[in-house]
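Just the heavy atoms: all of them, side chains too, but no hydrogens, waters or symmetry mates, feed the values below. Numbers here simply count residues along the sequence, with the first being 1.
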Amino acid sequence: MSNRALCREASHAGSWYTASGPQLSAQLEGWLSQAQTSKRPARAIIAPRRVFILGPSHHVALSRCALSTVDLYRTPLYDLHVDQKVYGELWKTGMFERMSLQTDEDEHSIEMHLPYTAKIMESHKDDLTIVPVLVGALSESKEQEFGKLFSKYLGDPSNLFVISSDFCHWGQRFRYTYYDESQGEIYRSIENLDKMGMNIVEQLDPVPFGNYLKKYHNTICGRHPIGVLLNAATELQKNGVNMSFSFLNYAQSSQCRNWQDSSVSYAAGALVVH
């Protein structure tokens, strides 16, 4: 029997981002140097030892969450080790499926956060582990169950949670063309719709977020990972933990002005435990 570690290759390197380690490192340094720091220290600054990455499933139908089958996630910077102790704890709950290596490598939602994670945690790489979780199309009750499960990990200051999501995917190619004429140009309507959702996420309450999605059907690809986070935060708040969430940046891939246009929105925010 071979003891060789099972690896997930950086399957989107060379297409979605550079496969060159030095070039990627330089790009990340440039982008990170432009980022504004939050007004209060976020969890990442406490130098967590374990990073949970919750990403939505784009290619396979999942009604639950799935764990990887590998030991290592490769990046052009260095390999990231999967935390097998935590994986063991999660697997024992009976709430998770296993994703195949093919599913793992086809999916981009987790991988796109790995270069940033590796770069930011470079000085702690010998102690760092990751907990990749592929999140399916969960019902509200399942989001609540997974939120309760992850709340104990979210409450531990040695852990950091990364929630992978874009915001509105607008245009005929996404089959979503909601438009509020009162906002003026289409891109303004998209921004208003997104910011309505962002304001609701900042309340850290899954119920109004669920109502918003039912009303507007905004194509937020990470709506289920966000729902899990909101339920985890709610569980901690019930137990007296004081926290707040604020969005720090918002952008659109392009400004839609007519029905032939399309765009994807991006929003970045941070959860701070006080």
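Considering only heavy atoms from C-beta on, Asp79 stays 4.5 Å or farther from Thr75 through its side chain. Residues Tyr179 and Cys256 form no side-chain contact, since every pair of their non-hydrogen atoms from C-beta on lies 4.5 Å or further apart. Side-chain contact check for Pro132 versus Val82: some heavy-atom pair is nearer than 4.5 Å. With a 4.5 Å cut-off on side-chain heavy atoms, Cys65 and Met95 do not count as touching. Between Phe209 and Ile226 the shortest side-chain heavy-atom distance falls below 4.5 Å. Here the side chains of Arg50 and Leu160 are not in contact, with every heavy-atom distance at 4.5 Å or above. Taking the side chain as every heavy atom from C-beta outward, His81 and Asp71 never approach each other to under 4.5 Å. Contact check for Ser11 versus Asp106: no side-chain heavy atoms found under the 4.5 Å cut-off.
For the 3.5 Å distance criterion, the side chains of Asp104 and Tyr73 qualify, holding a donor opposite an acceptor. Side chains of Tyr17 and Glu111: a donor on one and an acceptor on the other come within 3.5 Å.
Across Leu90, Asn159, Val51, a single residue satisfies side-chain contact (heavy atoms from CB on, under 4.5 Å) together with Val131, and that is Leu90.
Across all their heavy atoms, Ile220 and Asp166 have their closest contact at CG2-O, 3.4 Å. Ala233 and Met243 get closest at one heavy-atom pair: CB-SD, 3.6 Å. Counting all heavy atoms, side chain and backbone alike, Asn231 lies closest to Gly147 at CB-CA, 3.9 Å. For the pair Glu89 and Tyr153, the tightest heavy-atom approach, listed with the atom from each and the gap, is OE1-OH, 2.6 Å. Scanning all heavy atoms of the two residues, the minimum distance from His12 to Glu107 falls at CE1-O, 3.4 Å.
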Report the C-alpha separation of Arg257 and Glu185 in whole Å, then their side-chain angles, then the decisive distance to 0.1 Å, and conclude whether the salt bridge (charged side-chain N to carboxylate O under 4.0 Å, His left out) test is met. CA-CA 6 Å; Arg257 298 174 189 275; Glu185 297 273 17; 3.1 Å; yes
Derivation and outcome, side-chain hydrogen bond (donor to acceptor under 3.5 Å, both in side chains), residues Ser20 and Thr18: CA-CA 5 Å; Ser20 161; Thr18 179; 4.6 Å; no
Given Val135 and Ser57, is the side-chain contact (heavy atoms from CB on, under 4.5 Å) satisfied, shown in steps? CA-CA 6 Å; Val135 179; Ser57 175; over 6 Å; no
Between Tyr187 and Asp261, is a side-chain hydrogen bond (donor to acceptor under 3.5 Å, both in side chains) present by the stated rule, with each step listed? CA-CA 10 Å; Tyr187 72 89; Asp261 291 342; over 6 Å; no
Stepwise side-chain contact (heavy atoms from CB on, under 4.5 Å) check, Leu54 with Val228: CA-CA 9 Å; Leu54 275 58; Val228 171; 3.9 Å; yes
Walk me through whether Tyr87 and Phe96 qualify under side-chain contact (heavy atoms from CB on, under 4.5 Å). CA-CA 10 Å; Tyr87 253 29; Phe96 292 83; over 6 Å; no
Take Tyr266 and Tyr250 through the test ring pair (Phe, Tyr, Trp, His ring centres under 6.0 Å) and record every step on the way to the result. CA-CA 6 Å; Tyr266 304 95; Tyr250 174 80; 9.0 Å; no
Could you walk me through whether Arg173 and Ser262 pass the side-chain hydrogen bond (donor to acceptor under 3.5 Å, both in side chains) test, one step at a time? CA-CA 7 Å; Arg173 70 191 182 104; Ser262 65; 2.9 Å; yes
Please report the C-alpha distance between Asp83 and Thr129 in whole Å, then the side-chain angles of each, then the deciding distance to 0.1 Å, and finally whether the side-chain hydrogen bond (donor to acceptor under 3.5 Å, both in side chains) criterion is met. CA-CA 5 Å; Asp83 195 308; Thr129 59; 2.7 Å; yes
Mind running side-chain contact (heavy atoms from CB on, under 4.5 Å) on Val133 and Ile53 for me, showing each step along the way? CA-CA 6 Å; Val133 178; Ile53 305 167; over 6 Å; no
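For Trp170 (side chain) and Tyr178 (main-chain N/O), a donor-acceptor pair under 3.5 Å exists by modelled atom type. A donor-acceptor contact shorter than 3.5 Å is absent between the side chain of Thr103 and the backbone of Met99. Side-chain N or O atoms of Gln237 include none that pairs as donor or acceptor with a backbone N or O of Asn242 at under 3.5 Å. Between the side chain of Ser164 and the main chain of Ser109, a donor-acceptor pair closer than 3.5 Å is present. Side chain of Ser151 to backbone of Ala232: no donor-acceptor contact under 3.5 angstrom is found. Under a 3.5 Å cut-off, the side chain of Arg98 and the backbone N or O of Ala66 do not form any donor-acceptor pair. Between the side chain of Ser189 and the main chain of Asp180, a donor-acceptor pair closer than 3.5 Å is present. Using modelled atom types, no side-chain atom of Glu105 and backbone atom of Arg8 make a donor-acceptor pair closer than 3.5 Å. In this structure, the side chain of Asp194 engages the main chain of Cys168 through a donor-acceptor pair within 3.5 Å. Using modelled atom types, one side-chain atom of His224 and one backbone atom of Leu138 make a donor-acceptor pair closer than 3.5 Å.
Hydrophobic clustering of Ile, Leu, Val, Met, Phe, Trp and Tyr side chains at less than 4.5 Å, counting indirect connections, unites Leu230 with Met196. If you chain together hydrophobic residues whose side chains sit under 4.5 Å apart, Ile110 and Leu72 never meet in one group. The hydrophobic cluster containing Met121 also contains Met112, counting ILVMFWY residues as joined when their side-chain heavy atoms lie under 4.5 angstrom apart, directly or transitively. The cluster map of Ile, Leu, Val, Met, Phe, Trp and Tyr, joined by side-chain heavy atoms under 4.5 Å apart, puts Leu77 and Leu32 in the same cluster. Two different hydrophobic clusters hold Leu204 and Val207 under the rule that ILVMFWY side chains link at heavy-atom gaps under 4.5 Å.
Salt bridge annotation for Glu140-Lys214: present, with a cationic side-chain nitrogen under 4.0 angstrom from a carboxylate oxygen. The pair Glu235-Lys238 counts as a salt bridge, with a side-chain nitrogen and a carboxylate oxygen less than 4.0 angstrom apart.
Rounded to the nearest 0.5 Å, atoms CG (Leu28) and CD (Gln23) are 10.5 Å apart. If you take CG on Leu24 and OH on Tyr116, they are separated by 9.0 Å, rounding to the nearest 0.5 Å. Note that CD of Glu97 and CZ of Arg64 are 4.5 Å apart. Values are rounded to the nearest 0.5 Å. Taken from CG in Asn211 to CD1 in Ile200, the straight-line distance is 8.0 Å, to the nearest 0.5 Å. Separating the OG atom in Ser246 from the CG atom in Leu271 is a distance of 9.0 Å, to the nearest 0.5 Å.
Ring pair Phe150/Phe146 is parallel by interplanar angle, where below 30° counts as parallel and above 60° as perpendicular. Between Phe245 and Phe247, the ring-plane angle classifies as perpendicular under the 30° and 60° cut-offs.
More than 12 heavy atoms of other shown residues, nucleotides or ligands fall within 6.0 angstrom of atom CD in Glu202. Within 6.0 Å of CZ in Arg188 there are 12 or fewer heavy atoms belonging to other residues, nucleotides or ligands.
The side-chain hydrogen bond (donor to acceptor under 3.5 Å, both in side chains) search around Ser25 returns Lys119, not counting sequence neighbours.
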